[in-house]
Number of protein chains: 2
Amino acid sequence: MMRHSAPTTAPPPRERERRDPAATRQALLHAGAELFSERGFDGVPIEDIAQRAGVNKALISYHFRGKRGLYVAILQSAFAEMAARLEAIEAKAKNTRQALRAFLEAFAQLTRERPGFPTLFLREVLAGGIEPSVLPSLLAIIGVSRRLAERGAREGLFRRVDPLLLHFALVGSLVFFFSTEPARLRAAAQGLVPFAMPDSSAFVRYLEEITLRGLAPSGRTPGVAHPPSNRRKGARA
Amino acid sequence: MMRHSAPTTAPPPRERERRDPAATRQALLHAGAELFSERGFDGVPIEDIAQRAGVNKALISYHFRGKRGLYVAILQSAFAEMAARLEAIEAKAKNTRQALRAFLEAFAQLTRERPGFPTLFLREVLAGGIEPSVLPSLLAIIGVSRRLAERGAREGLFRRVDPLLLHFALVGSLVFFFSTEPARLRAAAQGLVPFAMPDSSAFVRYLEEITLRGLAPSGRTPGVAHPPSNRRKGARA
DNA sequence: GTCTATAGGCTGATAGAC
DNA sequence: GTCTATCAGCCTATAGAC
């Protein structure tokens, strides 16, 4: 997609199609994201990335100044995209309940589009030394869930809690669930597991429900029904 | 600890103290657990492990048939210990509320004793191809939290939910929280983060509370007070 | 059981042709 | 911008002395 430098005459005679430099970069970013998320930074030889991207491995050094540079570029784009999506959701949601639901579903959605992201995310936080260049995005993501908690308290949907607790509980279980999903599916497919694994939409619904009920102001048990339930301040204990 | 082959005469003249083979194995397991959890399997040269353990790197091959063998041995012991603890808790708890609290605190406790375990756990699940030899322990751990959900429903503390959803929500956020704690503390110490990070006991309490409230049978809002609250079967909706 | 020395494989980077 | 060829460094494993 998006090739703009095709020569006016015949298509290039090489066996593999000629591409934009931009397309090359893009292919490397994409292939790298997949492989790094599967095997971690140290587990991936640069040659494998080049091969999956369909380009020569020397191009990694040319375009990204080496393996580490490619990795950082991938991280930055992943974190930035996640932060941007969540912030967009926050701005669009009319109330906390909607914001919570959209927040949860954004994770599921992003996972569908880029299966490697949650794992990439997790691996990086695990590594301990967080890449300085992704810190702004990371703080932005934390900011969204913090404000979710604060907004919920303001609107009377939640009682007051440390917003960071909400953040870690939500994001932690989301990231864990989605980044381990491939392993679960594989294990289930091989018949290694003696029970049915929950699917992602059930999990998202569960998190939503438990958050709404778990954080409801005392004495109020909120309906979690999907119809836009008449919203009033709720009875007291 | 536990050295049984000390010679009858003078202590050995070597510069470093002579040790049991068992002590050597133990030192390697311990050093390996720390390093693998910090940097992942591929990120750790065998020499670093030997050095931290204070033994020669060739001993890794001798005792564990190579790097991979050491890694698997570490995984097995970590998973087995976790499973054993959780099962012990389950057997000892008098009711679901106690079991839940003990379950959560076991994670915090184990983290204090062996800081690398949650990360090791997470890295392994992330890798996708779960080591067959740890599968039994993994299933045992899942079994404990499954039965926690079932027991809670039986005792009227929880409403019915898919036990696996409870499992993933609890274990996911626990493992995430604890395995990222070192990174968080480091970031906070460097002043990179503009807010106070929650400590682990607050997080554990939050999870307990949100689970109790979130799963309470409809119409019942359980007190989460710590005094051993008079326990009756609980009112219905 | 432990250590030293070394072999052999693989990896990331780059010089230089195209 | 892209590719080929090459190289130096590191890493695991092991043979053999102690």
Side-chain angles (χ1 to χ4, degrees), chain A residues 2-9 11-32 35-36 38-75, chain B residues 1-9 11-32 35-36 38-74:
Chain A
M2 196 207 296
R3 73 187 50 180
H4 51 59
S5 70
T8 333
T9 55
R14 305 273 171 194
E15 60 215 295
R16 201 192 322 95
E17 263 186 75
R18 217 168 238 309
R19 295 195 274 199
D20 258 53
T24 297
R25 287 180 59 96
Q26 201 49 44
L28 284 170
L29 289 169
H30 192 255
L35 291 173
F36 284 139
E38 284 167 21
R39 306 186 216 153
F41 181 78
D42 296 302
V44 183
I46 241 168
E47 170 127 37
D48 290 13
I49 302 175
Q51 191 177 328
R52 180 169 306 199
V55 304
N56 188 277
K57 71 179 174 132
L59 292 178
I60 291 173
S61 284
Y62 180 78
H63 284 289
F64 298 98
R65 300 217 240 93
K67 185 186 186 182
R68 180 78 201 174
L70 172 61
Y71 182 68
V72 170
I74 290 168
L75 276 187
Chain B
M1 55 184 86
M2 193 206 294
R3 77 186 44 179
H4 51 55
S5 71
T8 334
T9 56
R14 304 272 172 197
E15 59 214 296
R16 202 194 318 98
E17 261 184 76
R18 216 170 239 311
R19 296 196 273 199
D20 262 50
T24 297
R25 286 180 60 96
Q26 201 49 42
L28 284 170
L29 288 168
H30 191 257
L35 291 173
F36 284 139
E38 284 167 20
R39 307 185 216 154
F41 181 79
D42 297 302
V44 183
I46 242 168
E47 171 126 38
D48 290 13
I49 303 176
Q51 190 178 328
R52 180 170 306 198
V55 303
N56 189 278
K57 70 184 174 134
L59 292 179
I60 291 173
S61 284
Y62 179 78
H63 285 289
F64 298 98
R65 299 217 243 91
K67 183 187 187 182
R68 181 78 202 173
L70 172 62
Y71 181 69
V72 171
I74 290 168

Between D:dT12 (P) and B:L59 (CG): distance, integer Å = 15 Å
Pairing residues for A:R65 by the side chain to side chain contact (heavy atoms under 4.5 Å, CB included) criterion, not counting sequence neighbours | none
Could you tell me the separation between the CD atom of A:E47 and the C1' atom of C:dT14, rounded to a whole number of Å?
-> 15 Å
Rounded off to whole Å, could you give me the CZ-to-P distance for the A:F64 and D:dT2 pair?
-> 11 Å
Contacts of B:D48 meeting side chain to side chain donor-acceptor pair (under 3.5 Å) (sequence neighbours excluded), chain-then-number -> B:R39
In whole angstrom, give the distance that lies between atom CZ of B:R65 and atom P of D:dT14.
-> 11 Å
Distances under 3.5 Å only, N/O to N/O: pair up the protein atoms with those of nucleotides 8-11 of chain C.
none

Not counting sequence neighbours, which residues clear side chain to side chain contact (heavy atoms under 4.5 Å, CB included) with A:I46? List them please.
-> A:K57, A:I60, A:K67
Can you measure from CG (B:N56) to OH (B:Y62) and round to the nearest 0.5 angstrom?
-> 13.5 Å
Hey, what's the ring geometry for B:F41 with B:F36, parallel, tilted or perpendicular (30° and 60° as the breaks)?
-> parallel
Shortest non-hydrogen contact from A:R52 toward A:E38 | NH1-OE2, 4.1 Å
Rounded to the nearest Å, what distance is computed from the CD1 atom of residue A:I60 to the C1' atom of nucleotide D:dT2?
-> 13 Å
Rounded to whole Å, the CG-P distance (B:D42 to C:dG12) equals 11 Å
Closest approach of B:I49 to B:A31 (non-hydrogen atoms, all atoms of both residues) | O-CB, 3.8 Å
Minimum-distance nucleotide to A:V55 side chain [options: D:dA13, D:dC3, D:dT2] = D:dC3
Using whole Å, report how far NE2 of B:H63 lies from P of D:dA13.
-> 15 Å
Taking N or O atoms only and anything under 3.5 Å, show me the protein contacts with nucleotides 4-6 of chain D, one pair per line.
| from | atom 1 | to | atom 2 | distance (Å) |
| --- | --- | --- | --- | --- |
| D:dT4 | OP2 | A:N56 | ND2 | 3.3 |

Examine D:dT2: is either OP1 or OP2 under 4.0 Å from a nitrogen or oxygen in the side chain of A:T24? Give yes or no.
-> yes
Nearest heavy-atom approach of B:A27 to B:A53 is O-CB, 3.5 Å
Value in whole Å for how far the P atom of C:dT2 lies from CD of B:Q26 = 13 Å
Identify, with sequence neighbours excluded, every residue that meets ring-ring contact (aromatic ring centres under 6.0 Å, His included) alongside B:F64.
-> none
